[in-house]
Amino acid sequence: MKCCWLVASAALLIAAAPDRALMPLPTAVTPGEGVLALDGPLAPVWSGCGDARRFDAAAARLQRDLARQTGLAFDTGKATPLAVTCASAVDAADRGEGYRLAVTASGIRIDAEGRSGVLRAFATLRQLVGLSPGGARLAAVTIDDAPRFAWRGVMLDTARHFLGVETIRRQIDAMERVKLNVLHLHLSDDEGFRVELRRYPRLTAANRGQFYTQAELRDLVAYAADRGIRVIPEFDVPGHSRAIVQAYPELGVEGKKGPLGTADVALNPAAPATYRFLDALVGEMAPLFPDPVFHVGGDEVAKGVWDGDAGVRALMTREKLADSRAVEAYFARRVQQIVRRHGKTMMGWEEIAARPGIASDAIVQAWQTSNVTADVTARGYRTVVSAGYYLDLLMPASFHYAFDPSDTATAGFTPEFAAGLRKLSPFLASYVGDALIAFPRPPLSAEQEKRVLGGEAPLWSPTTTDEMTDHVLWPRAAALAERFWSPKAVRDPADMYRRLETIGALLTVDGLDDQANRMRMATRLAPEAIAPVMTLLSLTGPVRNMAHDHRIKAALAGKRIVQPLNALADAAPVDSLVAQRFAADAAGYAKGDRSLAKALADRLTQWRDNDARFVAASAGKPLLEEARPTAAQIAQLATYGLDAIAAIEAGRALDGVQAANARAALDVLDAQEKASWRPIESFLRPQPPADLIVKIGPGVRALIDAAAPR
């Protein structure tokens, strides 16, 4: 009954004030009586929370955000009482983020489990105020809330495309506002080593200044801590280490060339210098990152990279290591010992647990399938789940939202799909290993569920620049914040999208540069005619599953290219919330709400007429001209939608030929969408023009189905 109460009570609150969308959805919401007017500054009084200076700063951030959301200064007028009580002045390992928030006509009261509970209650307060130009009034309400999972994270890849400190700070601010609490920084890879390491200065000499000084990291970690966010560093070894080996060749081994034409590289597990380097690395980094967890990567070591090295062969003989995977396990055990000596707990990608020998206090990050969650928790390991949550694959929020960290057989290829791929070519047969397949698994036991710490959404950056980070990460990460915080029963994607639209707007108003950066990118493409470009972008999204990474396709063809990330597909939102709203309204109209007719027709008319404007704006601009078929496709679909509305309003069925033509056009769109829906297929199937998927299909189909002859 608790789940039913959750859904019903939250729905009551949102229905009473549709612009007060909450995300993550709280555990329980109880509407009260009366209204609280926010006419002046907040007047916090702290009890049991420890050092009040930290909370004064948090209250000041809350006040600034409320000012941005409402357009009011809040520096005059009657102060709003804010009474905050903490049950503990510190957060326990598994609790501290829970809170009760009570809004009455006389003020606000927060009872928090620990220090972080205050920050989570403040996040909810921001959303309760929402976007309220001209005034702020809060309906009386009591919210009881606590997270389902203790680990609710985002991973940022700073190695492939460097992220400036201010960009990372913006992500931390947004994370605080949706109750995410772990920032995992991927700080080294083949493309770069991004941290000042004083014992090994050549690591950053080739980075053209694109690395973090230790002072910058110290400040960044403190900035995150003030917002209740842990920072986990990752230095990926022994694979993904080309930048390390290029700077210090004595630490590495180079193997034969891989399928993409570059030689495989890994650290040398037989060289004492390798372990001296790792000891120095962890020793310098441990004081900068006070969190007890230290991520060492451990993934995707190229098969056979060590085969030709005499030192590694001697190591295998001496240590009785049967194959290269046993060498990986030996290396991981040595690394775990180093990490422990520096007072840290080792975390690594799922490969670290692929062979026996890693102590069970290691944390395993499941990334390929949800089978891993079942397998490693059965062996006693704690796990953080990333399978199904890779935001760089550019899947819609609803796709990620459907996976739960406790799932055991969902994320990954189905056995049938994998078998089909293996039949296509010997290369695919070797590539599609069992590690990519989600085989049937029983649900987790109660003990296994306790070992699932939570979830983490990675954003790898081969095709995401600093400029793109805000609009690629958000607002989808807010939907995953809900998946990791709210009860498992909160699963309705339509309700999620309804709230996500408001939450995305709030995040932009509170400081994200997603809209501003998209405008800058579009303006570069058409400085004299930005409106038709922005309209097209609002209705499209990029192709998925690395289909937009043209470097991979070129490498498979034996070529190497540099891909400038300045095209329309790089500026387009992953989720078109405009199209989501249109689909919801079209569905409502199809079910009988005729009051929506004019608004729907106005939108469709604008989209239809945008084709001519876009053609004019794109003249002589190749990056725009390649999207002319996209603009024409939008216009065609909009015309079919207008025909359907006209028929319904006239009380007649749509002409049979018109309906057939519309459905044929929608089928083409569906095929374009499916062409990049699954990994590998995105390289095998032709992609739509300009790597853009038109997103208005579901709404138009709802209109056609409602108007078509019965």
Side-chain angles (χ1 to χ4, degrees), residues 6 10 13-14 20-29 54-55 58-59 61-62 65-66 69 84 86 91-101 110-130 141 143-156 169-184 223-232 384-385 389 391 397 400-401 404-405 453-457 473-488 490 496 499-500 502-504 506-507 510-512:
L6 156 77
L13 175 69
I14 296 168
R20 307 301 191 261
L22 299 179
M23 184 173 282
L25 206 60
T27 305
V29 179
R54 174 185 177 187
F55 293 104
R61 290 198 307 275
L62 171 63
D65 283 349
L66 298 187
Q69 291 170 202
V84 182
C86 298
D91 293 335
D94 59 347
R95 60 178 298 163
E97 295 185 285
Y99 65 90
R100 166 172 278 198
L101 168 64
I110 295 170
D111 293 288
E113 286 181 352
R115 295 167 65 91
S116 294
V118 179
L119 302 177
R120 309 310 173 223
F122 281 6
T124 300
L125 264 176
R126 287 179 175 90
Q127 295 180 6
L128 285 174
V129 172
V141 66
I143 295 175
D144 291 285
D145 204 9
R148 181 175 169 220
F149 292 107
W151 189 297
R152 307 180 308 281
V154 164
M155 190 220 78
L156 296 178
R169 285 180 180 238
R170 285 199 307 276
Q171 313 320 308
I172 291 171
D173 288 340
M175 289 172 67
E176 179 189 20
R177 293 177 181 114
V178 295
K179 306 183 178 73
L180 290 165
N181 69 343
V182 179
L183 175 62
H184 169 179
Y223 186 88
D226 284 345
R227 289 150 180 78
I229 295 169
R230 305 163 57 183
V231 180
I232 310 296
V384 171
V385 179
Y389 302 135
L391 294 177
H400 303 295
Y401 193 73
D404 190 81
L453 300 181
E456 186 176 287
L473 184 61
W474 304 98
R476 291 183 301 154
L480 285 181
E482 178 160 287
R483 173 56 53 244
F484 303 153
W485 175 285
S486 299
K488 191 174 183 178
V490 179
M496 177 272 289
R499 291 177 287 119
L500 189 65
T502 300
I503 296 304
L506 274 173
L507 292 174
D510 284 344
L512 277 182

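Values reported hereafter were calculated over all heavy atoms of this structure, with side chains retained and with hydrogens, waters and symmetry mates removed. Along the sequence shown, residues carry numbers from 1.
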> Within a 6.0 Å radius of atom CZ on R100, are there more than 12 heavy atoms belonging to other residues, nucleotides or ligands?
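Not buried by this count: 12 neighbours or fewer within 6.0 Å.
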> State, yes or no, whether a side-chain contact exists between I232 and M155 at a heavy-atom distance under 4.5 Å.
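A side-chain contact is absent here, since even the closest heavy-atom pair is not under 4.5 Å.
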> Looking only at non-hydrogen atoms, find the nearest pair between A150 and N181 and report the distance.
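Looking at all heavy atoms of both residues, the closest pair is O-ND2, 2.8 Å.
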> Between D145 and T27 (side chain of the first, backbone of the second, donor and acceptor by atom type, cut-off under 3.5 Å), is there such a pair?
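A pair under 3.5 Å: yes.
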> For the CG atom of L473 and the CG atom of L512, what is their distance to the nearest 0.5 Å?
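Those atoms lie 8.0 Å apart.
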> From L101 CG over to I110 CD1, what is the distance, rounded to the nearest 0.5 angstrom?
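Nearest 0.5 Å value for the CG-CD1 distance: 5.5 Å.
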> Are the side chains of P405 and F484 in contact, using a 4.5 Å heavy-atom criterion?
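Yes, side chains in contact.
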> Identify, with sequence neighbours excluded, every residue that meets side-chain contact (heavy atoms from CB on, under 4.5 Å) alongside R148.
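R148 satisfies side-chain contact (heavy atoms from CB on, under 4.5 Å) with D404, S406, K488 once adjacent residues are dropped.
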> Which heavy atom of T502 sits nearest to which heavy atom of A21, and what is that distance?
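So the two residues come closest at CB-CB, 3.9 Å.
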> With sequence neighbours left out, write down each residue that passes ring pair (Phe, Tyr, Trp, His ring centres under 6.0 Å) with Y99, or none if nothing qualifies.
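Y99: no ring pair (Phe, Tyr, Trp, His ring centres under 6.0 Å) contacts found.
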> Can you confirm whether V384 sits close enough to L453 that some side-chain heavy atom of one is under 4.5 Å from a side-chain heavy atom of the other?
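V384 reaches L453 side chain to side chain.
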> Mind checking what makes salt bridge (Lys or Arg N to Asp or Glu O under 4.0 Å) contact with R54, not counting sequence neighbours?
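Testing R54 for salt bridge (Lys or Arg N to Asp or Glu O under 4.0 Å), a comparison that skips the adjacent residues, returns none.
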> Do you know which two heavy atoms are closest between P475 and G504, and how far apart they sit?
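Looks like CB-CA, 3.9 Å.
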> Sequence neighbours excluded, which residues qualify as side-chain contact (heavy atoms from CB on, under 4.5 Å) partners of D65?
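Residues passing side-chain contact (heavy atoms from CB on, under 4.5 Å) with D65: R68, Q69, R126, R177, D510.
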> Between A479 and A397, which heavy-atom pair has the shortest distance, and what is it?
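Distance-wise, the nearest heavy atoms are CB-CB, 4.1 Å.
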> Just by distance, do the side chain of R152 and the backbone of A481 share a donor-acceptor pair under 3.5 Å?
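No, R152 side chain to A481 backbone: no donor-acceptor pair under 3.5 Å.
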> Once ring pair (Phe, Tyr, Trp, His ring centres under 6.0 Å) is applied, do any residues pair with Y401, and if so which ones, sequence neighbours excluded?
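With sequence neighbours excluded, Y401 shows a ring pair (Phe, Tyr, Trp, His ring centres under 6.0 Å) to no residue whatsoever.
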> Taking the side chain as everything from C-beta on, heavy atoms only, tell me whether Q171 gets closer than 4.5 Å to V154.
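When only atoms from C-beta onward are counted, V154 and Q171 do not touch, as no gap falls below 4.5 Å.
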> Counting only N and O atoms by type, is there a donor-acceptor contact under 3.5 Å from the side chain of R227 to the main-chain atoms of M175?
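Not a single qualifying donor-acceptor pair exists.
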> What residues form a ring pair (Phe, Tyr, Trp, His ring centres under 6.0 Å) with F122, not counting sequence neighbours?
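With neighbours one apart ignored, the set is empty.
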> Taking only residues two or more places apart in sequence or in another chain, which ones pass side-chain contact (heavy atoms from CB on, under 4.5 Å) with S486?
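Counting only residues at least two positions away or on another chain, S486 forms a side-chain contact (heavy atoms from CB on, under 4.5 Å) with P24, L25, E482, V490.
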> Could you check whether any side-chain heavy atom of I229 comes within less than 4.5 Å of a side-chain heavy atom of L180, counting everything from C-beta outward?
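A side-chain contact under 4.5 Å is absent here.
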> Measure the CD-OH distance between E176 and Y223 for me, rounded to the nearest 0.5 Å.
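That separation rounds to 8.5 Å.
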> Considering residues at least two apart in sequence or located in another chain, which fulfil the salt bridge (Lys or Arg N to Asp or Glu O under 4.0 Å) criterion with D226?
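D226 satisfies salt bridge (Lys or Arg N to Asp or Glu O under 4.0 Å) with no residue once adjacent residues are dropped.
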> Kindly write out the residues that satisfy side-chain contact (heavy atoms from CB on, under 4.5 Å) with A478, not counting sequence neighbours, or none if the list is empty.
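A478: side-chain contact (heavy atoms from CB on, under 4.5 Å) contacts with M23, V178, W474, L500, I503.
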> Hey, are the side chains of E456 and Y389 touching, using non-hydrogen atoms and a 4.5 Å cut-off?
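Contact flag for E456/Y389 side chains = no.
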